[in-house]
**Student:** 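Dumping the structure here so I can ask a few things about it.
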Protein chains: 2
Amino acid sequence: MPYRKTPSEVRRLEAAREHLVTCATAVVAEVGWAQTSVTAVADSAGIAAGSVYQHFPSKAALAVEVFRRAAGREVDVLGEVLTGEGDPVERLARGIEVFARRALENRGLAYALLAAPAEAAVGAERLDFRRRYRALFAEVVREGIAAGLLPAQNGEITAAALTGAVGEVLVDPLGAPGGQSSDELLAELTAMALRCAGAAAAPGRSDEP
Amino acid sequence: MPYRKTPSEVRRLEAAREHLVTCATAVVAEVGWAQTSVTAVADSAGIAAGSVYQHFPSKAALAVEVFRRAAGREVDVLGEVLTGEGDPVERLARGIEVFARRALENRGLAYALLAAPAEAAVGAERLDFRRRYRALFAEVVREGIAAGLLPAQNGEITAAALTGAVGEVLVDPLGAPGGQSSDELLAELTAMALRCAGAAAAPGRSDEP
DNA sequence: GGAAGCTCTGAATGATGGTTCACTTCTTTC
DNA sequence: GAAAGAAGTGAACCATCATTCAGAGCTTCC
C-alpha cells in the first residue's frame with residue numbers, strides 16, 4: 001500500500017478545515033449570509049471553490065458549522081457568567097452586560113447570529129440557539145424569584161425580551177442625540193434589564209424618581 | 001385617436017393592482033418572503049407571471065409595496081392607541097397588548113414584517129418601520145417619565161426591548177409547559193412591559209413578592 | 001525513481017427563478 | 001365592423017451561484 005495518510009498530513013487537513021471555518025466566519029461577519037458565496041469564502045481562505053467540498057458536503061453544512069461554532073461560544077460565555085458567583089440579580093446584570101458587550105464588540109457576527117437573513121438550515125440553528133440563550137436567562141430569573149429578589153413572572157418572556165432588546169440595539173445603533181458611548185448604552189441596557197425582571201433597583205446606581 | 005383609457009378601465013386596473021398586492025401579502029404571510037416567487041404570486045392572483053410586470057417594475061418593488069402597506073397599518077393602529085385616551089402607563093399597556101394581539105392573530109404576516117428573512121430592499125424598509133414602532137413606544141415612555149409615573153430611563157432602549165420581546169414571542173410559541181393560552185401570554189407580556197418601563201405595578205393585578 | 005492514491009484546481013454543468021417579448025386578446029373610438 | 005392601441009400571456013431567455021469532475025500536482029512508501 002503505497003500511500004497512507006500520515007499523522008502530520010491529517011493535522012494539516014484539520015488545520016485547513018479550521019482555517020476555512022475561520023475565514024468563512026469572517027466573511028459572514030463582514031457581509032452577512034446572503035452575500036457569502038462559496039467563491040468568496042474560498043478566495044478568503046486562499047483555496048479554490050472546489051476545495052471547499054473536500055471539507056464540507058455543501059455550502060449549507062459549512063454555514064451551519066460556522067453558526068454553531070460562533071453561537072456556541074456565546075452560549076458558553078453567557079452560561080459561565082449566569083451560573084457563576086453572586087446572587088441571581090447580580091448575575092443577570094452581569095450576563096446582560098457581557099452578552100451585549102460581546103455583541104457590540106463584534107457587531108457583524110452578532111448580527112449574523114441573531115438577526116441577519118439566512119438560509120433555512122441556519123435559520124433552524126438560530127431558533128435552537130435563541131432558545132438556549134433564553135433558557136439561560138430564564139433560569140436566572142426563576143432563581144431570582146425563588147430567592148425572593150424578583151416578583152412572580154414568566155421567566156421565558158422576560159428572557160425573550162432581553163434577547164430581543166440586545167438584538168434591537170444591534171440592528172440599529174440607536175443613534176440617540178449626542179451619540180452616547182457604548183458604556184452608556186450598556187448601563188442603560190442593564191438598568192432596563194433589571195427593571196424588566198422587576199429587581200428593586202440597579203446596583204451601584206440610584207436614580208429613582 | 002382610436003383608444004383612450006376610460007375611467008372605468010382605469011378603475012379596473014387599479015383594482016387589479018390592489019388584488020395583486022392583497023394576494024401577494026397573503027402568499028408572503030403564508031410561506032415567507034424567501035419562498036414567494038413571482039409565479040406563485042401571479043398564480044394566486046389568477047394572472048400570468050408576465051402580467052405582474054404591468055403593475056410593478058420588479059419583484060422587489062412589489063415586495064416593498066406589500067411590506068409598506070402591512071407595516072403601515074400596524075404603525076397606524078399602534079399610534080392610534082399610544083396617543084389616545086388615558087395616562088401614559090395605561091396607554092403603554094394597551095399599546096403592547098394591541099401590538100401583540102394583532103401579531104398573534106396574524107402570525108405569518110407579523111413574522112414577515114418583524115423577522116422573516118427577506119431581500120435587501122425589504123430589509124431596508126423593515127429597519128425604517130422598526131424605528132417607527134420604537135419611536136412610538138419611546139414617546140409614551142418619555143411622557144410617562146415627564147408625568148412622574150416612570151423612573152428616568154432611555155425610552156429608546158425600553159422601546160427596543162418591547163419590540164424585540166413581541167418579536168421573540170412570535171418566533172417561537174414559547175411552548176411553556178401546560179400550553180398557556182394567548183390571553184395568558186398577553187397578560188404576562190404587558191406585565192413584563194410595565195416592569196420594563198419601571199411602572200409601579202400592573203393595573204388590575206397585584207402580585208408583588 | 002516510480003507506482004498508488006491522495007488533495008487541489010477551476011472551468012463546465014445544472015438548477016433556480018426573475019425578467020423579457022412576440023404574440024394574442026380585449027377595449028375604445030369612429 | 002374595423003383600426004388603433006392597450007393589457008395579458010407564457011415560453012424563452014438570462015444571470016447567478018452551488019456543485020461536479022477530469023486532470024494537474026503532492027505525499028507516501030517500496
Side-chain angles (χ1 to χ4, degrees), chain A residues 1-21 23-24 27-28 30-67 117-123, chain B residues 1-21 23-24 27-28 30-67 117-123:
Chain A
M1 38 173 139
Y3 184 88
R4 172 136 311 185
K5 266 183 206 164
T6 204
S8 88
E9 189 66 359
V10 169
R11 250 179 285 122
R12 189 183 65 79
L13 285 174
E14 272 172 12
R17 196 188 133 109
E18 288 307 298
H19 184 232
L20 179 56
V21 171
C23 290
V27 171
V28 167
E30 178 82 17
V31 303
W33 303 100
Q35 299 294 321
T36 298
S37 67
V38 171
T39 307
V41 170
D43 284 354
S44 144
I47 61 178
S51 302
V52 169
Y53 291 82
Q54 288 195 326
H55 301 290
F56 296 94
S58 69
K59 183 194 182 184
L62 170 57
V64 165
E65 178 77 13
V66 165
F67 187 94
E119 61 212 286
V122 170
Chain B
M1 35 174 139
Y3 182 90
R4 171 137 311 184
K5 266 182 206 165
T6 204
S8 88
E9 188 67 0
V10 170
R11 249 179 287 122
R12 189 182 63 80
L13 285 174
E14 273 171 12
R17 195 186 133 110
E18 288 307 298
H19 184 232
L20 178 56
V21 172
C23 290
V27 173
V28 168
E30 177 82 17
V31 302
W33 303 100
Q35 300 294 321
T36 298
S37 67
V38 170
T39 307
V41 170
D43 283 354
S44 143
I47 61 177
S51 301
V52 169
Y53 292 82
Q54 288 194 326
H55 300 290
F56 296 94
S58 69
K59 184 195 182 185
L62 169 57
V64 165
E65 179 76 13
V66 165
F67 187 95
E119 62 213 286
V122 170

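Letters go in sequence order (proteins before strands), and every chain restarts at 1. Everything numeric here is computed off the predicted structure, so don't read it as measured data.
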**Student:** Short of 4.0 Å, heavy atom to strand atom, which residues of residues 41-48 of chain B count as contacting DNA chain C?
**Tutor:** none
**Student:** Starting from P on dA7(D), measure out to CG on L20(B) and report it in whole angstrom.
**Tutor:** 15 Å
**Student:** Does the side chain of L62(A) come within less than 4.5 Å of F67(A)'s, by heavy atoms?
**Tutor:** no
**Student:** To the nearest 0.5 angstrom, please state how far the CD atom of E65(B) sits from the NE2 atom of H55(B).
**Tutor:** 12.0 Å
**Student:** Taking only distance into account, with no hydrogens and no angle test, what donor-acceptor pairs under 3.5 Å do side-chain atoms of residues 36-48 of chain A form with protein atoms, sequence neighbours excluded?
**Tutor:**
residue: T36(A); atom: OG1; partner: G32(A); partner atom: O; Å: 2.6
residue: S37(A); atom: OG; partner: A40(A); partner atom: N; Å: 3.1

**Student:** In whole Å, I'd like the distance from the OH atom of Y53(A) to the C1' atom of dG10(C).
**Tutor:** 13 Å
**Student:** Heavy-atom count check: over 12 atoms from other residues, nucleotides or ligands less than 6.0 Å from E18(A) CD?
**Tutor:**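 Yes, because the 6.0 Å sphere around CD of E18(A) holds more than 12 heavy atoms from other groups.
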**Student:** What's S37(B) touching, base or sugar-phosphate or nothing? Going by heavy atoms closer than 4.0 Å.
**Tutor:** sugar-phosphate
**Student:** Could you list the residues that satisfy side-chain contact (heavy atoms from CB on, under 4.5 Å) with R12(A), not counting sequence neighbours?
**Tutor:**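 Only E9(A) meet the side-chain contact (heavy atoms from CB on, under 4.5 Å) criterion with R12(A).
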**Student:** At less than 4.0 Å, is any side-chain N or O atom of Q54(A) found next to OP1 or OP2 of dC8(C)? Yes or no.
**Tutor:** yes
**Student:** Taking side chain to side chain donor-acceptor pair (under 3.5 Å) as the definition, give me every residue that meets it alongside E119(B), ordered by chain and number, with sequence neighbours left out.
**Tutor:**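 Once residues adjacent in sequence are excluded, E119(B) has no partner under the side chain to side chain donor-acceptor pair (under 3.5 Å) criterion.
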**Student:** With sequence neighbours excluded, tell me which residues meet side-chain contact (heavy atoms from CB on, under 4.5 Å) with A121(A).
**Tutor:**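 Expected list: A60(A), V64(A).
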**Student:** Pick the closest DNA chain C nucleotide for T36(B) and for R12(B) by heavy atoms, then say which residue is nearer the 5' end.
**Tutor:** T36(B)
**Student:** How about R17(B) and L13(B): do any of their side-chain heavy atoms sit closer than 4.5 Å?
**Tutor:**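 In short, these two side chains do not touch, never coming nearer than 4.5 Å.
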**Student:** Quick one: H19(B) NE2 to dG8(D) P, roughly how many Å, whole number?
**Tutor:**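 So the two atoms are 13 Å apart, to the nearest Å.
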**Student:** Any idea which of dC8(C), dA7(D), dA18(D) is nearest the S51(A) side chain?
**Tutor:** dC8(C)
**Student:** Hey, which sits more toward the 5' end of DNA chain D by its nearest nucleotide, L13(B) or A49(B)?
**Tutor:**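 Counting from the 5' end, the first nearest nucleotide belongs to L13(B).
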**Student:** For Q35(B) and dG18(C), what is the distance between atoms CD and C1' respectively, to the nearest whole Å?
**Tutor:**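 The distance from CD of Q35(B) to C1' of dG18(C) comes to 15 Å, rounded to the nearest Å.
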**Student:** For the pair made of CH2 in W33(A) and C1' in dC17(D), what is the distance, rounded to whole Å?
**Tutor:** 18 Å
**Student:** Quick one: do F56(B) and V66(B) satisfy side chain to side chain contact (heavy atoms under 4.5 Å, CB included)? Show the steps, please.
**Tutor:** CA-CA 11 Å; F56(B) 296 94; V66(B) 165; over 6 Å; no
**Student:** Looking at DNA chain C, which of residues 56-64 of chain A put a heavy atom within less than 4.0 Å of it?
**Tutor:** none
